[in-house]
Amino acid sequence: MNNFFQPSMNMSTAAIDLAGVKKSFGDKLVVNELSFTVGRGECFGLLGPNGAGKSTIARMVLGMMSPDAGEIKVLDEPVPARARLARMRIGVVPQFDNLEVEFTVRENLLVFGRYFGMGARKIESIVPSLLEFARLESKAGTRVSELSGGMKRRLTLARALINDPHLLVMDEPTTGLDPHARHLIWERLRLLLARGKTILLTTHFMEEAERLCDRLCVLEDGIKIAEGKPHALIEEHIGCHVIEIYGGNPQELYALIRPYARHLEVSGETLFCYAPDPEQVLVRLRGRAGLRLMQRPPNLEDVFLRLTGREMEK
Amino acid sequence: MGEGYAAAMPANAHNWVAVWLRNFLAWKKVALASILGNLADPMTNLFGLGFGLGIIVGSVDGTSYISFLAAGMVATSAMTAATFETMYAAFARMATMRTWEAILSTQLTLGDIILGELAWAASKAVLAGVAIGVVAAILGYAPWPSILYAIPTIALTGLAFASLAMVVISLAPSYDYFVFYQTLVVTPMVFLCGVVFPLSQMPSSFQHLAGVLPLAHSVELLRPTMLGRPMLDVGIHIGALCIYAVLPFFLSAALFRRRLMR
């Protein structure tokens with residue numbers, strides 16, 4: 001099953017290389033023996049519930065936190081030893097907005113460009129293209145405190161591009177946004193990938209991971225529990241249709257449809273039935289009172305449920 | 001571990017300027033209120049103590065009490081401006097506004113940020129100190145050129161107190177703890193360092209204590225400057241202020257590294 005093409009990457013072409021990385025806070029092991037490689041131009045996702053260690057990994061990649069053990073290389077620089085040099089070519093979208101709320105959109109970009117040693121004239125010459133990218137052309141003189149959540153995120157994204165980075169590190173870039181704003185961010189990110197940027201993305205949105213990531217690493221409690229292309233993971237771990245069944249007595253239903261299911265999973269009030277031939281299952285459930293049925297293609301949510309025995313909290 | 005501490009030190013001699021410019025831009029938006037705020041407190045002290053006590057005291061050290069007090073108030077306002085800028089504004093940028101976090105994701109280091117914040121706090125100290133000096137000069141309590149000569153000392157005073165406050169904020173979990181530093185360290189210094197009365201009036205043990213306090217060295221430099229008198233032990237006073245500017249800088253860098261980058 002797992003015969004999908006894995007890009008072969010050596011040290012000099014990889015954008016990020018983690019080997020045997022460990023990190024604990026006090027007694028709590030947050031990242032355990034983690035290794036992965038992100039190729040240039042790739043969108044690599046770190047997918048997991050809150051507390052899985054995603055943000056810690058992102059911070060270690062940026063050199064803002066030192067691993068207890070293991071090796072990290074980012075854009076050919078050893079991190080954290082030479083993280084500053086790596087950060088010259090990295091753009092960061094943090095989990096929580098840290099824009100200058102009293103400054104205008106343009107001032108935010110000006111101030112941030114100076115942190116990269118850029119002169120005011122150089123920054124002013126690229127601001128129009130950044131504003132256009134972020135769809136904030138009409139907001140240049142607006143104070144950040146007056147922007148909507150989606151606009152703030154797009155400004156954060158534009159700000160992350162000011163040093164024309166090779167690599168973007170994004171920690172939960174669309175958390176807290178409404179669906180429209182989220183889709184706009186996804187569309188912008190796909191544009192960046194088309195331009196050849198590398199993206200390291202942490203998310204707990206399965207949909208986000210599935211739409212954007214070339215490959216991803218599923219994390220639980222700081223441990224990598226799966227790695228691969230989203231569709232390969234779904235095919236490998238699920239590989240058939242899913243019927244979600246709400247209501248009824250799960251035990252009774254379990255016995256009824258067991259023969260036709262490849263796998264059954266109870267989570268909360270929902271019975272997940274993984275069936276190669278969903279009609280067989282549906283025939284037996286139709287007409288039963290109090291049941292709500294939903295048939296859908298499998299997704300990463302199912303993979304996570306399958307691997308951990310629990311649903312990812314949203 | 002050595003490589004870890006490199007991240008807490010300034011990366012080069014100019015990165016800090018970007019942090020200073022950021023703070024300058026933020027300050028420009030509230031400049032008028034900020035200047036009035038800087039002036040109000042020391043002016044109250046200068047006139048309240050100067051006129052009130054001045055009548056009782058008459059002359060001190062061969063000059064009018066208010067002229068004597070003016071130099072002390074310049075030093076004190078430099079101290080308070082730098083201390084408060086660091087304790088409240090820099091702490092907010094570090095802890096609540098996430099400004100430092102944003103900067104740390106660029107090519108600036110923690111050391112660059114601290115240096116930029118210290119330079120900014122010292123700039124505000126210069127503003128506050130000069131403002132009081134100008135008021136004193138307008139009223140004839142200090143010659144105009146002496147305000148110009150006092151600027152280097154005011155800046156160094158600001159740097160020393162910003163650096164000390166930087167250690168305080170690197171340790172303080174929240175604003176609530178600043179009051180200890182304020183009431184136990186900053187305020188007593190005003191009375192121990194020859195601001196409102198000459199050091200020679202105090203018992204010798206207090207005079208020895210004053211010898212290690214930064215504000216005393218600042219006053220010892222500023223008062224002769226503003227009264228047009230010869231300065232004594234200039235090297236010692238400048239050296240002491242430099243030590244207070246430099247050592248806490250390294251200490252705070254190490255403490256911030258532990259707090260923000262563990």
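The sequence lines fix the lettering, A, B, ..., with proteins before strands; numbering per chain opens at 1. Computed from a prediction, not measured in an experiment: that's the story for all the values here. Below, each value reflects all heavy atoms present in this structure, side chains not excepted, and no hydrogens, waters or symmetry copies.
- Of the possible donor and acceptor atoms, one in the side chain of A:Glu42 sits under 3.5 Å from a partner among the backbone N and O of A:Gly39.
- Between A:Phe36 and A:Phe44, the ring-plane angle classifies as parallel under the 30° and 60° cut-offs.
- The contact between A:Arg59 and chain B is made entirely by side chain atoms (from C-beta outward), counting heavy-atom distances below 4.5 Å.
- By number of non-hydrogen pairs under 4.5 angstrom with chain A, the leading residue of B:Ile103, B:Val17, B:Asn15 is B:Ile103.
- Contact of B:Leu110 with chain A is not made at all, since no heavy-atom distance falls under 4.5 Å.
- No donor-acceptor distance shorter than 3.5 angstrom exists from the side chain of B:Ser163 to the backbone of B:Ala160, with no hydrogens or angles considered.
- Heavy-atom pairs under 4.5 Å with chain B peak, among A:Met88, A:Met65, A:Met64, at A:Met64.
- Using a 4.5 Å cut-off between heavy atoms, A:Asn163 makes no contact with chain B at all.
- Contact annotation for A:Arg89: neither backbone nor side-chain heavy atoms come within less than 4.5 Å of a heavy atom of chain B.
- By the 30° and 60° cut-offs, the orientation of the rings of B:Trp120 relative to B:Trp27 is perpendicular.
- Relative to the ring axis of A:Tyr115, B:Arg22 does not place its NZ or CZ within 45° and under 6.0 Å from the centre.
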